[in-house]
Amino acid sequence: MAKSTPNPLSTIFFLSLLIGGINSQSFSRNLSQKQLGLKKEKLSHLHFYFHDIVSGKNPTAVRVAAADMTNRSPTGFGAVVMIDDPLTLAPELGSKQVGRAQGIYASAALDQVGLLMVMNFAFTEGKFNGSSLSVLGRNTVFSTVRELPVVGGSGVFRFARGYAHAKTVWLNLTSGDATVEYNVYVFHY
């Protein structure tokens with residue numbers, strides 16, 4: 001019986017499977033929290049005021065789109081508004097600013113004033129300076145308290161999850177300007 005010599009290519013292929021693993025071409029892998037430097041998860045409560053200014057010379061909320069029917073709709077259905085609203089420590093607009101609410105809200109309900117909120121709370125003060133929380137949810141403006149999900153974040157708030165309670169403090173029905181109190185409860189590392 002003749003002795004066979006191993007094929008060098010098959011030997012290299014076999015060794016690469018052993019060293020690199022069979023799924024080396026996969027687009028995902030499991031990691032431990034420790035590998036990303038994540039420590040113990042915390043629960044934080046943030047409290048601030050959101051100032052939506054649609055009137056005057058320097059509005060912080062501007063309509064950027066509308067449907068043909070928007071101006072005839074009792075709820076403003078179809079309006080899309082871009083925001084860069086100040087977040088302050090107290091309900092007065094002149095109180096200490098702690099960040100900005102930046103994003104979009106759109107009138108998404110035919111039968112009530114119900115907004116789709118897509119925004120980031122970008123913080124500029126204290127230990128959260130440079131970090132942000134992302135909120136995506138439904139805001140029925142005339143409900144006493146609205147709950148919106150916190151779906152993520154950046155900086156200190158990487159892997160964030162939680163919810164925000166919004167409560168209108170002041171609303172001018174003529175101008176549309178409003179001040180909203182936010183209590184945000186968020187898990188993060």
Report task. Specify the closest pair of heavy atoms between Thr70 and Ala67, including all atoms of both residues, with the distance to one decimal. Result -> OG1-N, 2.9 Å
Query raised in the report: Do side-chain atoms of Arg100 reach the backbone of Asp84 as a donor and acceptor pair under 3.5 angstrom?
Result: yes
Requested in this report: Please report the shortest heavy-atom distance between Leu171 and Gly176, naming the atom on each side.
Outcome: CD1-O, 4.2 Å
Query raised in the report: Do any N or O atoms from the side chain of Ser132 and from the backbone of Asn120 form a donor-acceptor pair under 3.5 angstrom?
Result: no
Query - Residues Thr60 and His51: side-chain donor-acceptor under 3.5 angstrom - result: no
Query raised in the report: Which pair of non-hydrogen atoms, one from Gly103 and one from Met82, has the smallest distance, and what is that distance?
Result: O-SD, 3.1 Å
Report task. Tell me whether Leu173 is reachable from Val113 by hopping between hydrophobic residues (I, L, V, M, F, W, Y) whose side-chain heavy atoms are closer than 4.5 Å. Result -> yes
Query raised in the report: Does a sphere of radius 6.0 Å around CZ in Phe159 hold more than 12 heavy atoms from other residues, nucleotides or ligands, not counting ones at 6.0 Å or beyond?
Result: no
Query raised in the report: Same cluster or not: are Tyr105 and Phe77 linked, directly or through other Ile, Leu, Val, Met, Phe, Trp or Tyr residues, by side-chain heavy atoms under 4.5 angstrom apart?
Result: no
Query raised in the report: Can you tell me if Thr124 uses its side chain to pair, donor with acceptor, with the backbone of Val98 under 3.5 Å?
Result: yes
**Report entry** Arg146: partners by salt bridge (charged side-chain N to carboxylate O under 4.0 Å, His left out), with sequence neighbours left out
**Finding:** none
**Report entry** Single-linkage hydrophobic cluster Val54~Met117, side-chain heavy atoms < 4.5 angstrom
**Finding:** yes
Report task. Identify whether Leu148 and Val151 are in the same connected component of the hydrophobic contact network (ILVMFWY, side-chain heavy atoms under 4.5 Å). Result -> no
Report task. Could you label the plane-to-plane angle of the Phe123 and Phe121 rings as parallel, tilted or perpendicular, counting under 30° as parallel and over 60° as perpendicular? Result -> tilted
Report task. Would you confirm whether Thr75, through its side chain, and Ala109, through its main-chain N or O, come within 3.5 Å as a donor-acceptor pair? Result -> yes
Query raised in the report: Are more than 12 heavy atoms from other residues, nucleotides or ligands located less than 6.0 Å from atom CG of Asp68?
Result: no
Query raised in the report: Is the backbone of Ala61 close enough, under 3.5 Å, to the side chain of Asp52 for a donor and an acceptor to pair up by distance?
Result: no
Query raised in the report: When rounded to the nearest 0.5 angstrom, what distance separates CG in Asn139 from CD in Glu147?
Result: 11.5 Å
Requested in this report: Would you kindly confirm whether Leu87 and Ile104 end up in one hydrophobic cluster when ILVMFWY residues are joined by side chain heavy atoms under 4.5 Å apart?
Outcome: no
Requested in this report: Check Arg161, His188, Gln33 against Glu41 for a side-chain hydrogen bond (donor to acceptor under 3.5 Å, both in side chains) and give me the one that passes.
Outcome: Arg161
Query - Check: Glu125 and Phe48 side chains under 4.5 Å, non-hydrogen atoms - result: no
